[in-house]
Chemist: 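Below is a structure I'd like to ask you about.
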Amino acid sequence: SAAVTEIPFFMPELADGLIYYAVFLFSTTLHEAAHAWAALRGGDPTAYHGGQVTLDPLPHIRREPVGMVVLPILSVIVSGWPFGFASAPYDPNWALRHPKRAAWMALAGPAANLSLVAGSILLIRIGSLFGVFRAPESVTFDLVVTSGSAGPWSAVCFFLSVFFSLNLLLCLFNLIPVPPLDGSGAVPLFLNETATRTYQHFLRGQPMFAMMGILIAWQVIDYLFQPLWLMTVNLLHAGVTYG
């Protein structure tokens, strides 16, 4: 077995922070594109007409320039850690008419991040099989795999580690079932028609719940993320258990 250190939520090196931002930008773009695509498949072309069914970040940046550029870059400069937000437009009347479709649209974003986590795991496992990667003695948020040599492979390990951890964080954070997060939008999957209608109208009538929801999510994410992250990291390396 090996040791696990505390997960840092800051980065001392600006260059590392810019890599974080690049991963954030791509991951957030895919997240919102997945929402837009799922809505289109469910009968709501609002985001499609806004040009957001795409992996080109520009349409998403045009919609949320503060959340996708200004705030993340400022937070990288200050702390090395990108903090931001994004959104995809949808027709609220469509969501009222088709709550189950809207719920699947909500889950599409976290599912996109989860697919990037799975892709990172696959690449790390393949690299380990070929002897390119190996398990580190201890793991952190940006060090879940290492290489026996410095140089390019070391940079690849850092990138894959950030890609893995940040997308797991984005997936889990957005699944917390409080507004305005995606987990709140998925709740109708577990409700009957009458309860769904009551739930939807209640949320629409209480816009302050969005601010409260973000505050609650920030309070609980530390308790949720660390055990999930550690459990998932233990899938990466055969014969090594971090704990």
Side-chain angles (χ1 to χ4, degrees), residues 23-50 52-55 57 59-60 63-64 67-68 84-122 163-204 206 209-210 212-214 216-218 220-221 223-225 227-229 231-232 235:
V23 174
F24 166 84
L25 184 62
F26 175 78
S27 304
T28 304
T29 296
L30 180 63
H31 180 108
E32 299 305 329
H35 283 316
W37 176 83
L40 179 64
R41 292 295 301 268
D44 178 15
T46 304
Y48 171 76
H49 290 315
Q52 292 188 289
V53 185
T54 178
L55 293 181
H60 305 279
R63 176 170 172 81
E64 296 285 7
M68 292 196 70
F85 57 88
S87 66
Y90 70 95
D91 181 356
N93 294 320
W94 167 81
L96 287 174
R97 293 193 305 270
H98 305 287
K100 304 298 184 185
R101 298 182 193 178
W104 287 116
M105 174 196 71
L107 288 178
N113 295 122
L114 188 60
S115 72
L116 294 179
V117 174
S120 302
I121 293 174
L122 180 62
F163 217 82
F164 165 85
S165 296
L166 186 56
N167 275 285
L168 187 63
L169 177 61
L170 289 171
C171 176
L172 180 62
F173 185 80
N174 281 285
L175 284 176
I176 296 174
V178 294
L181 302 180
D182 298 328
S184 174
V187 168
L189 287 176
F190 308 98
L191 302 177
N192 61 33
E193 184 176 346
T194 301
T196 294
R197 191 177 302 111
T198 302
Y199 175 77
Q200 287 180 313
H201 285 288
F202 180 70
L203 289 185
R204 291 186 71 182
Q206 303 290 336
F209 277 179
M212 293 173 57
I214 291 295
I216 292 170
W218 276 117
V220 303
I221 188 62
Y223 300 99
L224 299 176
F225 180 70
L228 177 64
W229 176 82
M231 180 182 70
T232 313
L235 299 175

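Along the sequence shown, residues are numbered consecutively beginning with 1. As a basis for the values below, the full set of heavy atoms in this structure was taken, side chains included, without hydrogen atoms, waters or symmetry mates.
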Chemist: Any donor-acceptor pair under 3.5 Å linking the side chain of Arg63 with the backbone of Ser87?
Modeler: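 Yes, the answer is positive, given that a donor and an acceptor are paired below the 3.5 Å cut-off.
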
Chemist: Please verify the inter-ring angle class for Phe225 with Trp229; under 30° counts as parallel, over 60° as perpendicular, anything in between as tilted.
Modeler: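 Plane angle between 30° and 60°, so tilted.
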
Chemist: Tell me whether Phe209 at atom CZ has more than 12 heavy atoms from other residues, nucleotides or ligands lying less than 6.0 Å away.
Modeler: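 Yes - once you tally the heavy atoms of other residues, nucleotides and ligands closer than 6.0 Å, there are more than 12.
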
Chemist: Got more than 12 heavy atoms from elsewhere within 6.0 Å of CH2, Trp94?
Modeler: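 Yes, the 6.0 Å shell around CH2 holds more than 12 heavy atoms from other groups.
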
Chemist: Could you tell me the separation between the CE atom of Met231 and the CG atom of Leu168, rounded to the nearest 0.5 Å?
Modeler: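 Reported value, rounded in 0.5 Å steps: 8.5 Å.
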
Chemist: What do you reckon, is OH of Tyr90 surrounded by more than 12 foreign heavy atoms closer than 6.0 Å?
Modeler: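 Counting other residues, nucleotides and ligands, OH of Tyr90 stays at 12 neighbours or fewer.
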
Chemist: Check step by step if side-chain contact (heavy atoms from CB on, under 4.5 Å) holds for Val117 and Cys171.
Modeler: CA-CA 9 Å; Val117 174; Cys171 176; 5.6 Å; no

Chemist: Given 3.5 Å as the limit, does a donor-acceptor pair link the side chain of Ser184 with the main chain of Pro180, or not?
Modeler: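 Checked: no pair found.
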
Chemist: At what distance, to the nearest 0.5 angstrom, does OG1 of Thr232 lie from CG of Leu228?
Modeler: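 It comes to 4.0 Å.
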
Chemist: Taking Gln200 for its side chain and Pro188 for its backbone only, find out whether a donor-acceptor pair lies under 3.5 Å.
Modeler: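 No: the side chain of Gln200 does not pair with the backbone of Pro188.
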
Chemist: Applying side-chain hydrogen bond (donor to acceptor under 3.5 Å, both in side chains), run through Thr46 and Asp44 and close with a yes or a no.
Modeler: CA-CA 6 Å; Thr46 304; Asp44 178 15; 2.5 Å; yes

Chemist: Return the CZ to CG distance between Phe24 and Leu169, rounded to the nearest 0.5 Å.
Modeler: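 That separation rounds to 11.0 Å.
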
Chemist: I'd like to know if the side chain of His60 and the backbone of Thr54 have a donor-acceptor N/O pair within less than 3.5 Å.
Modeler: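 Yes, His60 side chain to Thr54 backbone: donor-acceptor pair under 3.5 Å.
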
Chemist: Heavy-atom distance under 4.5 Å between the side chains of Val220 and Val178, does that happen here?
Modeler: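 No, every pair of side-chain atoms sits at 4.5 Å or beyond.
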
